Engineer: 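The structure that follows is given in the form of structure tokens.
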There are 2 protein chains.
Amino acid sequence: MAKQNTVFKDAFNRCLTLVAEKGELPSELELGTTLGVSRTTVRAILERLKALEIIAWDKRSKAMLRTPQPDDFFPVEETSSLSDIIERSFMRRILAGGAEPGMQINELELARDIGTGTTSVREFLIRFSRFGLIEKRPNSHWVLKGFTREFALELTEIREMFELRSAAGFAALPEDHPAWRDLDDMDALHRDMLANIDTRYRDFSELDERFHLLVHRSSSNRFIIDFYDIITIVFHYHYQWNKANDRERNARAVEEHLDYIAALKTRDLAKVDRACRRHLRSARETLLQSIQQPEA
Amino acid sequence: MAKQNTVFKDAFNRCLTLVAEKGELPSELELGTTLGVSRTTVRAILERLKALEIIAWDKRSKAMLRTPQPDDFFPVEETSSLSDIIERSFMRRILAGGAEPGMQINELELARDIGTGTTSVREFLIRFSRFGLIEKRPNSHWVLKGFTREFALELTEIREMFELRSAAGFAALPEDHPAWRDLDDMDALHRDMLANIDTRYRDFSELDERFHLLVHRSSSNRFIIDFYDIITIVFHYHYQWNKANDRERNARAVEEHLDYIAALKTRDLAKVDRACRRHLRSARETLLQSIQQPEA
DNA sequence: AAACTGTCTATTGTAGATAAAATAACAACG
DNA sequence: CGTTGTTATTTTATCTACAATAGACAGTTT
């Protein structure tokens with residue numbers, strides 16, 4: 001069926017909330033930039049909004065006629081891109097399902113399982129291979145290297161090198177660098193979360209990602225920033241299947257972040273180094289503990 | 001035309017030299033392992049050898065009938081895999097041809113240019129994107145980030161972190177680790193090359209790669225080892241288009257390697273660190289000098 | 001019975017086709 | 001002048017098809 005129109009559907013849904021908020025819509029061009037799609041897609045969205053009698057569309061005026069109803073939205077399942085679907089499906093298989101290291105991965109079987117063509121699966125695997133969890137045997141299958149203790153150790157080794165360097169780089173940023181403002185915001189967000197940790201602890205994963213990314217960005221090194229993708233995806237999925245003690249774990253991590261932020265603000269390299277190491281050590285512990293040991 | 005039979009052709013050529021050397025061929029299975037192909041391909045090769053009356057093939061006996069002639073070989077151009085062709089072609093465009101950073105990369109155009117389907121080009125670009133030289137705009141084109149000074153600086157920054165750590169790791173390997181033997185071999189190869197530097201300096205690039213890979217392997221960290229792919233490809237192509245002063249440059253590098261090897265053998269971390277830094281510094285200089293500065 | 005071969009099946013690599021989406025052009029409008 | 005209507009073209013994302021290749025099993029040879 002060639003391309004799915006998920007871009008359209010997703011943008012349409014976002015446009016519905018937009019129209020509900022504002023009561024009208026801006027120019028086609030502007031709408032395109034806010035939704036991140038081309039004018040072609042914008043016009044398709046407007047057509048549909050008009051057909052559903054949600055807006056009166058006449059040239060420049062796009063006024064809301066009625067408030068969008070839940071029925072007007074496309075179902076969420078239809079809005080995620082194929083690569084996202086494949087990613088989720090694949091990660092479930094290898095992280096949640098007891099996939100043994102050394103297992104063969106079969107493009108065709110995966111594709112049939114997920115219900116897509118092989119091309120997309122193949123492209124996903126190629127993209128995914130940079131995470132070091134799978135490896136290709138040319139002209140043959142892929143091999144799952146597995147989410148093992150070694151993987152976690154190798155991953156954290158690099159993470160620690162990079163983060164220590166980035167943290168030091170951050171502390172050396174000029175006073176007027178915008179990152180300092182972002183750090184203040186982070187500080188506030190963390191305090192906020194800590195104050196309501198019992199209800200908010202589930203949101204930590206996202207905050208964690210944003211905070212570390214902020215630190216890494218200061219390195220201005222594309223390889224360091226790109227590497228953080230690996231950390232992100234590993235932690236993201238890992239948190240999902242492994243929720244033992246997460247309230248305490250996250251509370252502790254928030255506190256460590258706050259120490260780390262405070263240390264950055266002093267711009268004292270020794271302090272930064274100490275706070276950063278402390279946090280990284282406990283992050284590593286957490287990750288290692290959660291990896292199921294292969295029985296001896 | 002679906003798949004090209006380059007695997008077959010390449011293996012066939014290698015088999016020709018094999019049969020010329022030995023006068024006969026081993027079992028299908030064994031031949032498969034030495035050539036690195038499946039039995040299916042082995043049998044196809046044997047069919048052809050028989051058809052060309054180069055061997056008499058009857059079940060287990062595969063004796064040579066006549067010495068293979070140059071004509072029997074497939075032309076080399078037909079033996080390289082499509083991805084290699086795409087890689088070379090692409091690298092020529094972006095490194096040799098004056099490709100400006102920010103330039104758009106068009107899958108279709110590239111495919112037409114190279115004379116292949118879009119699928120292969122696309123997969124190449126995805127694989128290549130991990131080198132940080134290009135970036136995808138989803139649903140739209142790729143953007144060439146360019147082989148710029150920043151790229152080189154970011155690359156060498158990581159390289160230096162990794163290599164210093166690997167070198168320290170190497171020095172700490174146990175006495176009986178096989179890497180020490182490999183290092184002795186490297187030492188000999190370097191001395192060899194230095195003795196005949198005037199005729200051999202062109203082979204340095206390959207030796208360089210092997211030496212650094214040996215060092216990096218001691219880290220046993222897949223991310224460090226994988227990252228070295230980026231270094232390899234950058235230097236590989238860079239050496240090709242940029243041969244100014246290469247004799248002196250390479251001679252100097254060989255000497256630095258020898259110092260570095262000697263330092264490793266002492267297992268003295270301070271010495272290793274010093275020799276490693278010295279070499280990395282001059283490698284960085286070389287790379288930076290060769291990057292054409294964008295005119296101000 | 002171990003090693004090998006003959007035969008068959010399943011999977012990968014690649015091309016080609018098609019719908020979705022992007023991009024472009026330009027006259028007409030307010 | 002920024003916007004829209006219109007129309008056309010190009011490119012991407014994805015599917016399907018098929019030859020090359022890998023791999024499995026059963027039968028054969030030593």
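Just so it is clear, the structure is predicted and the values come from calculations on it, not from any experiment. Computed over heavy atoms, backbone and side chain alike; hydrogens, waters and symmetry mates excluded. Numbered from 1 within each chain, the chains take letters A, B, ... in sequence-line order.
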Engineer: If we count only N and O atoms by modelled type, under 3.5 Å, do the side chains of A/Glu87 and A/Tyr237 hold a donor and an acceptor together?
Structural biologist: yes

Engineer: If you take any heavy atom closer than 4.0 Å to DNA chain C, which residues from residues 12-43 of chain B end up in contact?
Structural biologist: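 Residues of residues 12-43 of chain B that come under 4.0 Å of DNA chain C are, in numerical order, B/Ser27, B/Glu28, B/Arg39, B/Arg43.
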
Engineer: Side chains of B/Phe223 and A/Ile230, heavy atoms from C-beta outward: is any pair under 4.5 Å?
Structural biologist: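 A side-chain contact under 4.5 Å exists here.
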
Engineer: Using the side-chain contact (heavy atoms from CB on, under 4.5 Å) criterion, which residues pair with B/Leu52? Sequence neighbours excluded.
Structural biologist: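 Partners of B/Leu52 by the side-chain contact (heavy atoms from CB on, under 4.5 Å) criterion, ordered by chain and then number, come out as B/Phe12, B/Arg48, B/Ile54, B/Arg66, B/Asp72.
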
Engineer: Starting from the 5' end of DNA chain D, give me the residue, B/Pro138 or B/Lys3, whose nearest nucleotide shows up first.
Structural biologist: B/Pro138

Engineer: Among residues 101-122 of chain A, which residues get a heavy atom nearer than 4.0 Å to DNA chain D?
Structural biologist: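 Going residue by residue through residues 101-122 of chain A, the ones with a heavy atom under 4.0 Å of DNA chain D turn out to be A/Thr116, A/Gly117, A/Thr118, A/Thr119, A/Ser120.
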
Engineer: Whole-Å distance between D/dT11 P and B/Arg137 CZ?
Structural biologist: 17 Å

Engineer: Which atoms of nucleotides 27-30 of chain D (N or O only) lie under 3.5 Å from a protein N or O atom, and what are those distances?
Structural biologist:
unit_1 : atom_1 : unit_2  : atom_2 : d
D/dT29 : O2     : B/Arg60 : NH2    : 3.3

Engineer: Which nucleotide of DNA chain C is the first, and which the last, in the 5' to 3' direction, to come under 4.0 Å of a heavy atom belonging to chain B?
Structural biologist: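 Nucleotide range in contact with chain B: C/dA3 to C/dT23.
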
Engineer: Scan A/Lys136 against the nucleic acid and name what it touches under 4.0 Å (heavy atoms): base, sugar-phosphate only, or nothing.
Structural biologist: sugar-phosphate

Engineer: Side chains of A/Ser129 and A/Trp142: does their closest heavy-atom pair fall under 4.5 Å?
Structural biologist: yes

Engineer: Cut-off 3.5 Å, no hydrogens considered: what does the side-chain donor-acceptor table look like for residues 37-44 of chain B, sequence neighbours left out?
Structural biologist:
unit_1  : atom_1 : unit_2  : atom_2 : d
B/Ser38 : OG     : B/Thr40 : N      : 3.4
B/Arg39 : NE     : B/Glu28 : OE1    : 2.9
B/Arg39 : NH2    : B/Glu28 : OE1    : 2.9
B/Arg43 : NH1    : B/Glu28 : OE1    : 3.4
B/Arg43 : NH1    : B/Glu28 : OE2    : 2.8

Engineer: Between the side chains of B/Asp84 and B/Arg88, is the shortest nitrogen-to-carboxylate-oxygen separation below 4.0 Å, so that they form an ion pair?
Structural biologist: no

Engineer: Find out whether the Lys NZ or Arg CZ of B/Arg159 is both under 6.0 angstrom from the six-membered ring centre of B/Phe235 and within 45° of the ring's axis.
Structural biologist: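 Relative to the ring axis of B/Phe235, which defines the angle, B/Arg159 lies inside both limits.
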
Engineer: Might you point out which heavy atoms bring B/Val19 and B/Met64 nearest each other, and give the distance in Å?
Structural biologist: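 Scanning both residues completely, I find the closest heavy atoms to be O-SD, 3.6 Å.
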
Engineer: Counting heavy atoms not belonging to A/Gln240, are there more than 12 under 6.0 Å from its CD?
Structural biologist: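 Yes, the 6.0 Å shell around CD holds more than 12 heavy atoms from other groups.
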
Engineer: What residues form a salt bridge (Lys or Arg N to Asp or Glu O under 4.0 Å) with A/Arg210, not counting sequence neighbours?
Structural biologist: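 Residues passing salt bridge (Lys or Arg N to Asp or Glu O under 4.0 Å) with A/Arg210: none at all.
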
Engineer: In residues 125-132 of chain B, what residues come within less than 4.0 Å of DNA chain D, judged by heavy atoms?
Structural biologist: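 Contacts with DNA chain D under 4.0 Å: none.
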
Engineer: Can you check whether B/Ile134 reaches B/Lys145 side chain to side chain, under 4.5 Å on heavy atoms?
Structural biologist: no

Engineer: Are any of the side-chain nitrogens in A/Lys62 or A/Glu24 under 4.0 Å away from the carboxylate oxygens of its partner?
Structural biologist: no

Engineer: I want to confirm an ordering. Mapping A/Trp57 and B/Thr6 to their closest nucleotides on DNA chain D, which one lands closer to the 5' end?
Structural biologist: A/Trp57

Engineer: With sequence neighbours excluded, what pairs up with B/Arg122 under the side-chain contact (heavy atoms from CB on, under 4.5 Å) test?
Structural biologist: A/Glu123, B/Glu107

Engineer: Between atom CG in A/Asn139 and atom C1' in D/dA22, what is the gap in whole Å?
Structural biologist: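 After rounding, the reported distance stands at 8 Å.
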
Engineer: Would you call the rings of A/Phe227 and A/Phe162 parallel, tilted or perpendicular, where under 30° means parallel and over 60° means perpendicular?
Structural biologist: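 Answer is perpendicular, since the angle exceeds 60°.
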
Engineer: Heavy atom of residues 71-90 of chain A under 4.0 Å from DNA chain C: which residues?
Structural biologist: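 Going residue by residue through residues 71-90 of chain A, none turns out to have a heavy atom under 4.0 Å of DNA chain C.
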
Engineer: Measure the acute angle between the ring planes of A/Phe128 and A/Phe131, then classify it against the limits of 30° and 60° as parallel, tilted or perpendicular.
Structural biologist: perpendicular

Engineer: Salt bridge check: are B/Arg93 and B/Glu100 linked by an N-O gap of less than 4.0 Å?
Structural biologist: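 B/Glu100 and B/Arg93: not salt-bridged.
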
Engineer: What residues, two or more places apart in sequence or in another chain, satisfy ring-ring contact (aromatic ring centres under 6.0 Å, His included) together with A/His212?
Structural biologist: A/His257, A/His279

Engineer: Taking side-chain hydrogen bond (donor to acceptor under 3.5 Å, both in side chains) as the test, write out the residues that go with A/Asp229, two or more places apart.
Structural biologist: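 If we apply the side-chain hydrogen bond (donor to acceptor under 3.5 Å, both in side chains) test to A/Asp229, skipping adjacent residues, the hits are A/Arg130.
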
